[in-house]
Amino acid sequence: MLHIVNKSPTERNSVESCLAHAKKGSKVLLIEDAVYAATKGGAAEARVRSAMADVTIYALQPDLAARGMADRVIDGVNLVDYGGFVDLVAEQANCQSWL
Amino acid sequence: MLHIVNKSPTERNSVESCLAHAKKGSKVLLIEDAVYAATKGGAAEARVRSAMADVTIYALQPDLAARGMADRVIDGVNLVDYGGFVDLVAEQANCQSWL
Amino acid sequence: MKFGILVNEGPYQHQASDSAYLFAKAALAKGHEIFRVFFYHDGVNNASRLTVPPADDRHIVNRWAALADEHKLDMVVCIAAAQRRGMMDDNESKRQGKDADNIHPSFRISGLGQLVEAGIQCDRLVVFGD
Amino acid sequence: MKFGILVNEGPYQHQASDSAYLFAKAALAKGHEIFRVFFYHDGVNNASRLTVPPADDRHIVNRWAALADEHKLDMVVCIAAAQRRGMMDDNESKRQGKDADNIHPSFRISGLGQLVEAGIQCDRLVVFGD
Amino acid sequence: MSEEMDMEEGGTIKKFMFVNRKAPYGTIYALESLEVVLISAAFEQDVSLAFVDDGVYQLMKGINTDGIEMKSFAKTYRALEGYDIEKLYVDRESMEARGISEDDLIVDVQVVSAAEMADLMNEQDVVLSF
Amino acid sequence: MSEEMDMEEGGTIKKFMFVNRKAPYGTIYALESLEVVLISAAFEQDVSLAFVDDGVYQLMKGINTDGIEMKSFAKTYRALEGYDIEKLYVDRESMEARGISEDDLIVDVQVVSAAEMADLMNEQDVVLSF
């Protein structure tokens, strides 16, 4: 399953709730303001790093670049463009947006 | 000063940020989904209770009633209707909404 | 006392416009003056004369208009925000070469200066949003 | 693969419509089919033909329309959500006794059944919102 | 709601889940989510509702919206059974973090752990979130 | 922005603070906030900008919005000085919680503690938040 999150982890609870409900082996794609969760030094870094034991984390590169965060990505987070976003949706059996 | 907050403390960080920036003696009015912060048993209760040492907490009664929360208000939270909301704004020298 | 009100969200999706309306009504009932209601961001969508909510629901646009008509309220829609979102009056529609307009006659379109002026003129400016 | 796309927020205020558009464009570029783009909640505001964004900004409505025209996309606006928010086509305008309409011709108004049908017909339904 | 129901899908039944994570009345998402739920039942799909995070507040007993001049839709949750929608799952941790118990809710639900909720989400064909 | 600037307020100068708490590009609030900031300077008001919580992200260096097809407004923060807007306050705790330092920001700012920010907010006449 692909989980899609779009909100900043320091503003809302959706990244945290998604990670609490993502099954082992799921993929989690961070887009829009959720890409801040993929960056180093922030309050969410430890939580995201620990989640990487169970799920694979992706972040949308154009959204990172738009926020000046392209150089701050946590090691192990996979970067995709919109084409990669499409592939992730196509490759997983189903998807869920955490709005 | 009157601080006005309108978001749930379990969804967003605005109640927390408001309380961290409200000076001693300020008034804090909880409206819309922020009234959940005025209720017993929730995750925000301890934070709101400790804030009451420094600031006065108000909650908009019509918003509590609309959420089925009218009977769960933390002791010491003051209830107002829209007229009371107007009075709070008029009595304080200035006001700020934590959107 | 002289109040200004800023509404940053459109009708129905968020409670902001409802809260602002009930605040305005309560302020007027207490004898305060509402100098201006300014609609910014998606708040401009509160000015559409084309909304048709379900018959058993509140009509947000019409009740703002009724309050404004009763109390001679100045309800201003930000032109820059309105242009982005497809809200226009007859003049603006002609100027832009469009074939329709959709602003309710109780609202008027003007610039952001009207918001700053409200901040200067009013004793209090209260902001409602998301 | 057959995709459906759901857009829950209006243009400019949230990034949802931008993200959905860029996703749709990328999916088409990869040879996938977009069965339907459904606009719900404030998403219905993406269908206004009256928007006039600044000249140096993207034109969200027009680029959806251009993508739809090029790829014969079915872009559907929820009628119940549209009524609340003042979005209507010519038929609906007449039916409601209104004096104007504002839907861009590349969009059509229909019921929520069209969203459920997209869920049934599509291999994947992707939701964009606030 | 006046929807065209004339599109029979030839018996395709998919698992639809509606994930509700937002409180009611502060925004319209809970209400407009319910409108899709009712339509999906008319299409005879396998419908589940999940209440997670602030979404659990949607099911509170004792809601009285008179003071905010909005229509309450609390009763609609009770009507779901009549549409054969009986799979209502509530996230236990979300209730506990809000000091809410099953007795506080207006309908019978299945209270599940986060792990069980994750399993339920995982087995859906279509997940709609607003 | 085409605004009418013909309303001189006879020298009334108020303390206006714009509180920015939201990240840029995910929503339009940061951009439309800046538009009001520029207008308020034209009214020769005593303008301060506060960046708190995710609002500090608005000032990041190295923003490149090409990939999301939006216009970047990062340069506008640099232009504020030319409008005599020089009071930019950034909340220290907000930066630290996001792993950001002053060197990461596109403009010179005053970094203040939460207590200092509280004092600044307290002394304003008008606080605008979007």
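The analysis underlying the following values was restricted to heavy atoms, covering all of them including side chains, and did not include hydrogens, waters or symmetry mates.
Your options are E:T65, E:T27, E:D53, E:I100, and the one with the most heavy-atom pairs under 4.5 Å with chain B is E:T65.
For E:E81, the CD atom is loosely surrounded, since the number of other residues' heavy atoms within 6.0 Å does not exceed 12.
For the pair B:R12 (side chain) and B:S8 (backbone), a donor-acceptor distance under 3.5 Å is absent.
Looking at E:E96, the atoms closer than 4.5 Å to chain B (heavy atoms on both sides) all sit in the backbone: N, CA, C or O. The parts of E:N64 that come within reach of chain B are both its backbone and its side chain, each placing non-hydrogen atoms under 4.5 angstrom from that chain.
Taking the six-membered ring for Trp, E:Y89 and E:F51 have ring centres at least 6.0 Å apart.
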- Query: Stepwise, does the salt bridge (charged side-chain N to carboxylate O under 4.0 Å, His left out) test hold for B:E32 with B:K7?
  - Reply: CA-CA 7 Å; B:E32 301 178 2; B:K7 290 298 167 196; 5.1 Å; no

